Every structure is written in C-alpha cells, then in structure tokens.
Amino acid sequence: MSVAPDGKGQVGHAGVVLLHQAADRSGLTAALAALFPRGGSGTWRDRAHLVVALAASIVLGATNLSEAEAVQAHHAAVLGTPASDSTAHRALAAQDEPARLRIAKARAKARRHVWSLLHRRPGGFPWLTVVGKILTGWIVIDLDATIILAASKKEGAKATFKKTFGFHPLAAWCANTQESLAMLLREGNAGSNTAVDHLTVLGAALAQVPHACHAKILIRVDGAGATHELLEHIEKLNTARRTVRYLVGWTITTDDESAIATIPAYAWEAALRQDGEIQQGCGIAELTALNTRTGWPDGMRLLVRRVKPSARHARKLTDFEQRTGFKYSVVATNIRHMWGISGSHQPQFLDALARSHATVEDRVRGDKAMGLRNLPSKKWQVNATWMLAANIGHDLDCWVRLLALHDVEDLALAEPDTMRHRLYSVPARYVRHARRRRLRVDRTWPWARTFALAWRRLTQLPAPT
C-alpha cells in the first residue's frame, strides 16, 4: 500500500454541515447578519458567517485561529471561501462589550425559536427528572466557575486560588437543555463568591431564557453563591407571574455545628439517590428552626446532610466531624413547595435536587473540550470574543442533539468527543452533478444513517417567523 496526498472530492469533518444547518434553521445566522455591516467588495468576508464558521470549527476541535482557518479552508468547496486567521483576529478584536451584548441578544432570539421547536418535538421539552419526579414547567439554571490555565503572559491572566496561573471565568448553563447561557471572563485572581459577578452572569442567563418559559425558574449555585446580595436579588425576582427559587451551598460555621449537634437521632431521615432508591449511610435533616445566624432572607430553609467520610476527606474533617464520625454539608433554599410536584417540600427530595447540580461539571468539561481549555490570544478582548464563539459552538452542538438526535439513545446526551468520533469527524465524498450537490457518507460507517437522519431533520425544521 502507498499513501499520497492527492485525493479529490473528499471532505473531512463532514459533520460541520450539521452545525451550519443548525445555525441557519435556528435563525442564528440571520440574527447575526443583522448586526454586522455588509461589504461591497469581492474580498469582503461576511462577519455572521465568520462567527458561525469559527464556532463550528471550535466544535470540531480547533484551538486557535490558525487551526480554524485550516479547517474552514478544507470545507471551502462546501461552505465557501473562509476568512483568513488575520481577518478573524481583527473581527474578534473589534467586538467590544456592547457588541458582545448585541450578539447575546441575537443568541437569545435564536434560542427562543429553538425552544419553541423543542416544545413541539416528540417527547416535548426536556424537563429535568429528579428521584423519579418530572419538574414540568421548571427551567433550571446552574452557575459555576472554573479555571482556564495560561502557559504565557496574557491580559488578565493572574495567579488563581488553586495556585495555578490563568483565568477564572464564571458561567451559567441550562440544566434542561445543557446549553451555555452566559459566561463572564474574569481575571485569575477573581474571588469565588464575588456577588457582583454572580449577579452579572445570572442577569445575562435570565436574558437568554425565552419569556414564555419565565414562569418557574430554579437557580442552583455551590457555596460561592451563599451571599446576602445574590439571595436577596433572587427573592426580588419573584413576581405575581414568576416564581424564582434557589438552592445554594452553605459554609458551615461553629454555630452551625452546634446547631447540628442538637438534632435528635429520630430527626435524621435516609437520603435518596437520583433514581429514588435509599442511599445507604447518608442522612438528611431540617436545620432551619435551629439556625442562629441572622440577616438572611425571610423564609430561607437550611438542610443538613451527613455521610460517612471517604478516605480523601479524612484529613479535612473538623473536630466536630471527627467526634461524630460524619462529614456534614448544608444547603440553603427558599423552596417551600414547587408547583405541580408532589413531595417537593420534603428534605430528601430537595437534597437530591441540590446534589444533581453536580452535573454542571459535565458542562464545564464539555466547554473545555470545545475551545476553552486554553484561550488563544494575548489580548483580553480577543479572548472574550473567542469565549463567546465557543459558547455559540456549545449551543450549536446542543441544538443538533436536541432537534435531530433526541431519540437516538447513545447520542442524545453525548459528549463532544463522542459526537466528533461518530458524526462530526466522519469523511464524505462531495459530488456535484446536474446542478445538485451531494455529500455522500460511506455506507459502511456505523453511523451513516444517523448522519443522514440528522441532516434530514434539520433541513425540515420550520424557519423562524
């Protein structure tokens, strides 16, 4: 066998057409086109197409603008001549904060159409399920921060609380759809519980949720969210037409430990796993009536959970935990009852609902696999816009799975590496004949029919009105 780089008519990463089709059918491409000027010369590169193409390239695995240009150049016969990496760099550098806010509004407009399609698809909108209970009507927003390492000096890269060097962005995702709703690029030394940053990201995330879905909102944050400013702001979001609830982590103090010590043995109830079965060795109890800390919002409940400590936790136990033989954690919530969900006031249910927030780590891992493991530029504004393009790519990947693969069991919730292996990176033959264009995936590829099914479903989606 000999190998030669002289083939013709072959297209690698053919799954890029699914991502572009998702952008077109959702109305995102058109919404972005309305934001940018139209050039009159033959060398002008449409900025809306540039943003969508960059987002798609990031999903395919591009980690910088040079790689994105190389991938797009390979797809020139299918998707048109791409912008050079220098043109893309200038376009990213030109997007200041007001420009990124306009792009966010375009994303919200496209998301509104996508969610309307989700309500009409077989199976309906993807409501969250916890311990066998479907949270119908509830939109769940998860907030979390992460670290993006930097190997060289970049604007905003600082020493982090984990003794690394880089950035410390804060983001929000929709647990129902796995979409990336908002992300704030922050310097590496930004605080974990900076209330103003949480308020900024939460406001941006709520702006991405269509108004038709604003009636019931649940916000989940880890211990960094237990600030007076954030919880008081969430309480003020409640209106006659909107119910907003929260579940946040809680830093245990010595006063809390004293209160926990007074809980009688009969008050501890068995905790539940996500499937509704009893979780052996774990207990949950109400701590609200024993709370002595003042100044927090009225109606706030405290729930304490105890578990047998694992080996990795053994060296981090407090004196109280060492005496009792349990590791404790507390969550704060304003949930008294969730409309339409029986038993939603029970501590066991609320504990399971709070612990399902851990799936946000999957969203973080997915984002880092799609362009956010490293920021490519030394300039803050370029990196902030690259992050926005990566968020758009994250959404496109979600929309392909939500709208075209929702009933394909092993792909409906697939992570980026799986999607790349099975669909996005598959090669195909590009054929033009009789004024028709065809992309032919090899029939022996195990997911060839799935690829064709996804394309057919996306092309049949109604355009936004």
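Owing to the predicted nature of the structure, the values given are computational and were not obtained by experimental measurement. Along the sequence shown, the residues carry numbers beginning at 1.
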query: So, for G295 and E232, which heavy atoms are closest and what is the spacing to 0.1 Å?
result: O-OE2, 4.2 Å

- prompt: Can any side-chain N or O of S425 pair as donor or acceptor with the backbone N or O of H421 at less than 3.5 Å?
  reply: no

- request: Report the C-alpha distance between D367 and R373 in whole Å, list the side-chain angles of each, state the deciding distance to 0.1 Å, and finish with yes or no for salt bridge (Lys or Arg N to Asp or Glu O under 4.0 Å).
  value: CA-CA 8 Å; D367 274 344; R373 194 171 302 281; over 6 Å; no

- prompt: Can we say D395 and R107 salt-bridge, meaning some charged N sits less than 4.0 Å from an Asp/Glu carboxylate O?
  reply: yes

message: The test is salt bridge (Lys or Arg N to Asp or Glu O under 4.0 Å); show your working for K378 and E155 and say whether it passes.
response: CA-CA 6 Å; K378 292 184 179 294; E155 285 187 33; over 6 Å; no

query: Which heavy atom in D410 sits nearest to a heavy atom in R422, and how many Å separate them?
result: OD2-NH1, 2.6 Å

task: Check the pair L32 / L28 against side-chain contact (heavy atoms from CB on, under 4.5 Å), numbers first and verdict last.
output: CA-CA 6 Å; L32 291 173; L28 178 62; 4.0 Å; yes

task: Ignoring hydrogens and angles, tell me if any N or O in the side chain of R305 forms a donor-acceptor pair with the backbone of S329 under 3.5 Å.
output: no

field: Smallest separation among heavy atoms of P169 and M387, with atom names
entry: CB-CE, 4.0 Å

query: With a 4.5 Å limit on heavy-atom distance, are the side chains of N383 and P376 in contact?
result: yes

field: No-hydrogen, no-angle side-chain donor-acceptor test under 3.5 Å, K327 and S310
entry: no

- prompt: Do H233 and L202 pass the side-chain contact (heavy atoms from CB on, under 4.5 Å) test, and can you show the C-alpha distance, the side-chain angles, and the key distance before you say yes or no?
  reply: CA-CA 10 Å; H233 175 75; L202 177 59; 4.2 Å; yes

message: How close do F320 and A261 get, counting heavy atoms only, and between which atoms?
response: CE1-CB, 3.7 Å

message: We want to know whether D397 and Y424 form a side-chain donor-acceptor pair, criterion being a heavy-atom distance below 3.5 angstrom.
response: yes

Sequence neighbours excluded and cut-off under 3.5 Å, please list the side-chain donor-acceptor pairs for residues 180-189, or say none.
residue, atom, partner, partner atom, Å
S180, OG, N391, ND2, 3.4
R186, NE, H168, O, 2.8
R186, NH1, G191, O, 2.9
R186, NH1, D197, OD2, 2.8
R186, NH2, H168, O, 3.4
R186, NH2, H168, ND1, 3.4
R186, NH2, G191, O, 3.3
E187, OE1, K158, NZ, 3.2

All ring pair (Phe, Tyr, Trp, His ring centres under 6.0 Å) counterparts of H113, not counting sequence neighbours: none

field: Heavy-atom side-chain contact between W115 and F125 under 4.5 Å
entry: yes

- prompt: What distance separates E286 CD from L350 CG, expressed to the nearest 0.5 Å?
  reply: 8.5 Å

query: Which atom names give the shortest non-hydrogen contact between T251 and R293, and what distance separates them?
result: O-NH1, 3.2 Å

Check: W250/D256 side-chain N/O donor and acceptor closer than 3.5 Å: yes

field: Approximate separation, where rounding is to 0.5 Å, of W380 CH2 and L375 CG
entry: 9.0 Å

message: For the backbone of L237 and the side chain of R242, can you confirm whether one donor and one acceptor N or O come within less than 3.5 Å of each other?
response: yes

task: Give the intermediate values and the outcome of salt bridge (Lys or Arg N to Asp or Glu O under 4.0 Å) for residues D96 and R100.
output: CA-CA 6 Å; D96 55 9; R100 291 195 293 271; over 6 Å; no

message: Under 6.0 Å from the ring centre and within 45 degrees of the ring axis: does the NZ or CZ of R47 meet both conditions for the six-membered ring of F36?
response: no

message: Less than 4.0 angstrom from a charged side-chain N to a carboxylate O is my criterion; do R111 and E179 meet it?
response: yes

query: Are any of the side-chain nitrogens in D85 or R90 under 4.0 Å away from the carboxylate oxygens of its partner?
result: no

task: Run the ring-centre check on H49 versus H20 and record whether the distance is less than 6.0 Å.
output: yes

Candidates V248, L247, V331 - the one meeting side-chain contact (heavy atoms from CB on, under 4.5 Å) with R220: L247

query: Out of curiosity, T243 OG1 to L218 CG, how far, rounded to the nearest 0.5 Å?
result: 11.5 Å

message: Counting only heavy atoms not in E97 (residues, nucleotides, ligands), do more than 12 fall under 6.0 Å from its CD?
response: yes

message: I'd like to know if the side chain of Q274 reaches the main chain of A352, judged simply by a donor and an acceptor atom lying under 3.5 Å from each other, with no hydrogens or angles considered.
response: yes

message: One thing to verify: whether D144 and R363 come together as a salt bridge, which I'm taking to mean a side-chain N less than 4.0 angstrom from a carboxylate O.
response: no

- prompt: L135 versus L353: any side-chain heavy-atom pair under 4.5 Å?
  reply: yes

message: Could you check whether atom CZ of R312 has more than 12 heavy atoms from other residues, nucleotides or ligands sitting under 6.0 Å from it?
response: no

message: Less than 4.0 angstrom from a charged side-chain N to a carboxylate O is my criterion; do D319 and R323 meet it?
response: no

